[in-house]
There are 2 protein chains.
Amino acid sequence: MREFKKYSFELDGIDKIILNSLMSNAKTSISKIAKEVGVSSTAIHQRIKKLEASEIIKNPVTPLNYKALGYKTIAYVGIYLEKSVKYQESINEMLKINEIIEAHFTTGNYTVFIKLLCKDNDHLMDVLRNKIQKINGIVRTETIISLEQSISRQIKP
Amino acid sequence: MREFKKYSFELDGIDKIILNSLMSNAKTSISKIAKEVGVSSTAIHQRIKKLEASEIIKNPVTPLNYKALGYKTIAYVGIYLEKSVKYQESINEMLKINEIIEAHFTTGNYTVFIKLLCKDNDHLMDVLRNKIQKINGIVRTETIISLEQSISRQIKP
DNA sequence: CCTGAAATTGCTACGGT
DNA sequence: ACCGTAGCAATTTCAGG
């Protein structure tokens, strides 16, 4: 019996052009890509379907401009967790905090490392004091505030 | 003379439904949203135009599944920079390193804080030793490796 | 992988409230 | 300022080869 291997096919040049177009602009028209590489729209369409099926590309998303929405402060917080406390418990609590947009279980000093998006520094301080530091098992936190984000991009396939 | 105020209008319930739909799936059809809120497609379309014009939403993008492409290691690196070295110089060097997908100028101990995406730990070590630590002015780095990303989301408007 | 036609969707103009 | 109808343009999908 032949097994289906997820994630296992080679991307050729056409696939890479498709990926590079779609990753920077999900609305790139299929016909435009088709003209660029010199095949029919249908061919491009079929390849995109294949890339979706193999889960190499995900649903296109529309990024919000957080600054325009009033979220101007990006911060990272390293969290020291009591050994006795279950990691998943704290994650469950963090899921309830809207300002947390990323969380990682990490090596090194910190147990958990999170990324926060807040309106301003006051908002950040409020979230830290009244939400994060009240989570059971958190013994200490270290905050890194981003003064300027100078690089933000995806990796090229 | 009347000044144009960027970013300054209130989002009503309909706008929020639009944003919530598009942010999670940029391909949500206008007509579907229209049915959901009970107005015409045109009305939704006009609102989307307005959201674009006011830069609240950006170009839709197609996220790549990095795991499927073989990138399985996420790491953060805190960088200590010599005072004598210009911040922008080091950023220019970092822009050349494909594996760096985010960089921040930060408060606290680190001068610069970056996010890296690598295929595996060997790849990470190679990038650290042979690319990052060779940048002029970097005196020390601290690496945080993500063993598991447990939260990854956007903020709800 | 292609052609050609059908269906769905998105876009624009113009008018109404 | 916001919404709708209607017609137009473009894109996506399907059939068959």
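Each chain gets a letter, A, B and so on, in the order its sequence line appears, and its residues count up from 1.
Within the 4.5 Å cutoff, the side chain of B:Q46 has no heavy atoms near those of the B:K49 side chain.
Along DNA chain D, the nucleotide closest to A:S41 and the one closest to A:Q46 are compared, and the more 5′ of them pairs with A:S41.
Listed by first and then second residue, the side chain to side chain donor-acceptor pair (under 3.5 Å) pairs involving residues 89-103 of chain B are A:Y76-B:E102, A:K115-B:E102, B:Q88-B:N92, B:E93-B:K96, B:E99-B:H123, B:E99-B:K131, B:E102-B:H104 (not counting sequence neighbours).
Axis orientation changes by 30° from one end of the helix from C:dC1-D:dG17 to C:dT17-D:dA1 to the other, with each end axis drawn from 5 pairs and the value rounded to 10°.
Under 4.0 Å is where a charged nitrogen must lie from a carboxylate oxygen, and between A:K119 and A:D126 no such pair does.
If you measure from atom CG of B:L11 to atom P of D:dA1, you get 17 Å, rounded to the nearest angstrom. Note: CD1 (A:I33) to C1' (D:dT12) measures 13 Å, nearest angstrom. If you take CD1 of B:I48 and P of D:dC2, they are 15 Å apart, rounded to a whole angstrom. The nearest whole Å value for the distance from the NZ atom in B:K49 to the P atom in D:dC3 is 17 Å.
Summarising the geometry of B:I56 relative to A:L69, their closest heavy-atom pair is CG2-CD2, 4.0 Å, with the distance given to 0.1 Å. Nearest heavy atoms, B:I100 versus A:R153: O-NE, 2.9 Å. Nearest heavy-atom pair across B:S41 and B:I30 is O-CG2, 3.4 Å.
In the set C:dC1, D:dC3, D:dC2, the nucleotide with an atom closest to the side chain of A:R47 is C:dC1.
Inspection of the B:Y87 and A:S150 side chains reveals an N or O donor paired with an N or O acceptor under 3.5 Å.
In summary, the aromatic rings of B:F113 and A:F113 are positioned with their centroids under 6.0 Å apart.
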Sub-3.5 Å pairs of nitrogen or oxygen atoms, protein against nucleotides 6-10 of chain C:
| unit_1 | atom_1 | unit_2 | atom_2 | d |
| --- | --- | --- | --- | --- |
| C:dG10 | OP1 | B:I30 | N | 3.4 |
| C:dG10 | OP2 | B:I30 | N | 3.2 |

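Within 3.5 Å, a donor on the side chain of B:T42 pairs with an acceptor on the base of D:dT5, or the reverse.
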